[in-house]
Structure formats: structure tokens, C-alpha cells
Undergrad: 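Next up is a structure, given as C-alpha cells.
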Amino acid sequence: QVQLVESGGGLVQAGDSLRVSCAASGRTFSSYAMGWFRQVLGKEREFVAAISRSGGITYYADSVRGRFTMSRDNAKNTVYLQMNSLKPEDTAVYYCAARGSYLGDTYSTVGRYDYWGQGTQVTVSS
């Protein structure tokens with residue numbers, strides 16, 4: 001069992017930067033690949049980024065590639081999502097998720113993640 005708690009969301013202006021964090025507790029953090037997803041009310045949850053267990057491999061959605069960076073610190077049981085050049089369309093609730101399996105080709109699949117945090121709101125004003 002893994003418990004995930006996101007933090008760092010808030011209200012920013014377009015073009016600003018923001019870093020959200022996800023702290024994990026429970027079983028060995030380094031045995032889990034991690035992902036960030038986001039959801040707007042009334043829409044499906046969508047993939048943002050994923051990172052392998054060691055942190056050596058990352059994946060990004062086309063909409064955020066080059067602006068967002070996902071990283072992890074296994075010593076601190078924490079993953080981060082650094083978001084730069086934010087746009088109003090980045091406004092959403094951001095969720096982190098953990099999975100015990102390798103990312104493989106399903107890194108962006110919501111249903112392949114085993115544990116989820118409660119989410120943190122990110123709002124980007126124009």
C-alpha cells in the first residue's frame with residue numbers, strides 16, 4: 001500500500017512557473033514508477049508525465065513537452081513536476097499516481113496505475 005499526498009498547487013499567471021510535489025509513504029518508494037495526470041471538471045483524466053523507478057526514463061504528453069519536467073528523489077520519497085511557461089489551458093487538478101509494474105507502453109494509461117493522491121488545484125490566469 002502506498003499513500004500519496006500532492007502539494008504546491010495554486011493560482012499563477014500565464015507564463016509563470018510552479019512546482020508541484022507528491023510525497024509517498026508506505027512500501028518502498030523506489031519500487032514504484034510514478035505518473036502525473038490532470039483533470040478538468042467534466043473531462044476525462046489525462047496523462048501529463050511519467051517517470052521510471054530509478055528516474056532514468058521520463059515520458060511527457062505532447063502538450064507539455066519542453067515546458068514541464070518530472071523528477072523524483074527516492075531518498076525523500078517524493079516526485080516533482082516543474083511547470084514552466086504555464087498556459088491557461090494547463091488549469092486543472094493535478095494528480096500523482098504510482099504503479100508497481102514497469103511503465104512500458106502503458107505509461108499514459110490511467111487504469112494501469114495502482115495508487116492515486118487526492119490532487120492539487122493549479123489555476124493559470126490569462
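Note that the structure is predicted; figures quoted are calculated from it, not measured.
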Undergrad: If Ile, Leu, Val, Met, Phe, Trp and Tyr residues are connected whenever their side-chain heavy atoms lie under 4.5 Å apart, and connections chain through other members, are V93 and F47 in the same group?
TA: yes

Undergrad: What's the verdict on side-chain contact (heavy atoms from CB on, under 4.5 Å) for T69 and Y60, showing C-alpha distance, side-chain angles and the deciding distance?
TA: CA-CA 8 Å; T69 302; Y60 297 96; 3.8 Å; yes

Undergrad: Give the minimum heavy-atom separation between T28 and Y32, together with the two atoms involved.
TA: O-CD1, 3.3 Å

Undergrad: Kindly indicate, with the supporting measurements, whether the criterion side-chain contact (heavy atoms from CB on, under 4.5 Å) is fulfilled by M83 and V20.
TA: CA-CA 8 Å; M83 302 181 287; V20 291; 3.9 Å; yes

Undergrad: Which atom pair, heavy atoms only, marks the closest approach of L4 to A98?
TA: CD1-N, 3.8 Å

Undergrad: Grab the two heavy atoms, one from V64 and one from V48, that are nearest each other, plus how far apart they are.
TA: CG2-O, 3.5 Å

Undergrad: Under a 3.5 Å distance rule, please check whether T78 uses its side chain to pair with a backbone N or O of A23 as donor and acceptor.
TA: no

Undergrad: What is the minimum heavy-atom distance between V122 and G9, and which atoms define it?
TA: CG2-CA, 4.1 Å

Undergrad: Is the side chain of R72 donor-acceptor paired with the backbone N or O of G55 at a distance under 3.5 Å, no angle test?
TA: no

Undergrad: Using a 6.0 Å distance limit plus a 45 degree cone around the ring axis, check whether R99 lies over the aromatic ring of Y107.
TA: no

Undergrad: Let me confirm one number: the CG-CD distance from L11 to Q121, rounded to the nearest 0.5 Å.
TA: 9.5 Å

Undergrad: Spell out, as yes or no, whether a donor-acceptor pair under 3.5 Å connects the side chain of Y113 to the backbone of G100.
TA: no

Undergrad: Are Y102 and Y115 connected in a single hydrophobic cluster, I mean Ile/Leu/Val/Met/Phe/Trp/Tyr linked by side-chain heavy atoms less than 4.5 Å apart?
TA: no

Undergrad: Work out which heavy atom in L103 is nearest to a heavy atom in S52; give both atom names and the distance.
TA: CD1-N, 3.7 Å

Undergrad: Tell me whether R67 at atom CZ has more than 12 heavy atoms from other residues, nucleotides or ligands lying less than 6.0 Å away.
TA: yes

Undergrad: Got a sec, which residues hit side chain to side chain contact (heavy atoms under 4.5 Å, CB included) with E46, two or more places apart in sequence or on another chain?
TA: R38

Undergrad: Distance from L81 atom CG to T120 atom OG1, nearest 0.5 Å?
TA: 11.0 Å

Undergrad: Step by step, work out the side-chain contact (heavy atoms from CB on, under 4.5 Å) result for S71 and Q82.
TA: CA-CA 8 Å; S71 61; Q82 176 68 44; over 6 Å; no

Undergrad: Would you please test S30 and R53 for side-chain contact (heavy atoms from CB on, under 4.5 Å) and show each step?
TA: CA-CA 5 Å; S30 60; R53 299 173 184 184; 5.8 Å; no

Undergrad: Is any side-chain heavy atom of W116 closer than 4.5 Å to a side-chain heavy atom of V110?
TA: yes

Undergrad: Looking at side-chain heavy atoms only, is the closest gap between W36 and V79 below 4.5 Å?
TA: yes

Undergrad: Tell me whether I51 shares a hydrophobic cluster with V2, the cluster being built from Ile, Leu, Val, Met, Phe, Trp, Tyr side chains joined at under 4.5 Å.
TA: yes

Undergrad: Nearest heavy-atom pair of S101 and A33: which atoms, and what distance?
TA: O-CB, 4.0 Å

Undergrad: So how far is it from F29 CZ to M34 CE, rounded to the nearest 0.5 Å?
TA: 4.5 Å

Undergrad: Rounded to the nearest 0.5 Å, what separation is found between the CG atom of L18 and the CD atom of Q13?
TA: 13.0 Å

Undergrad: Determine yes or no for a side-chain-to-main-chain donor-acceptor pair under 3.5 angstrom, with E6 supplying the side chain and Q118 the backbone.
TA: yes

Undergrad: Is any NZ, NE, NH1 or NH2 atom of the basic residue among D90 and K87 found under 4.0 Å from an Asp or Glu carboxylate oxygen of the other?
TA: no

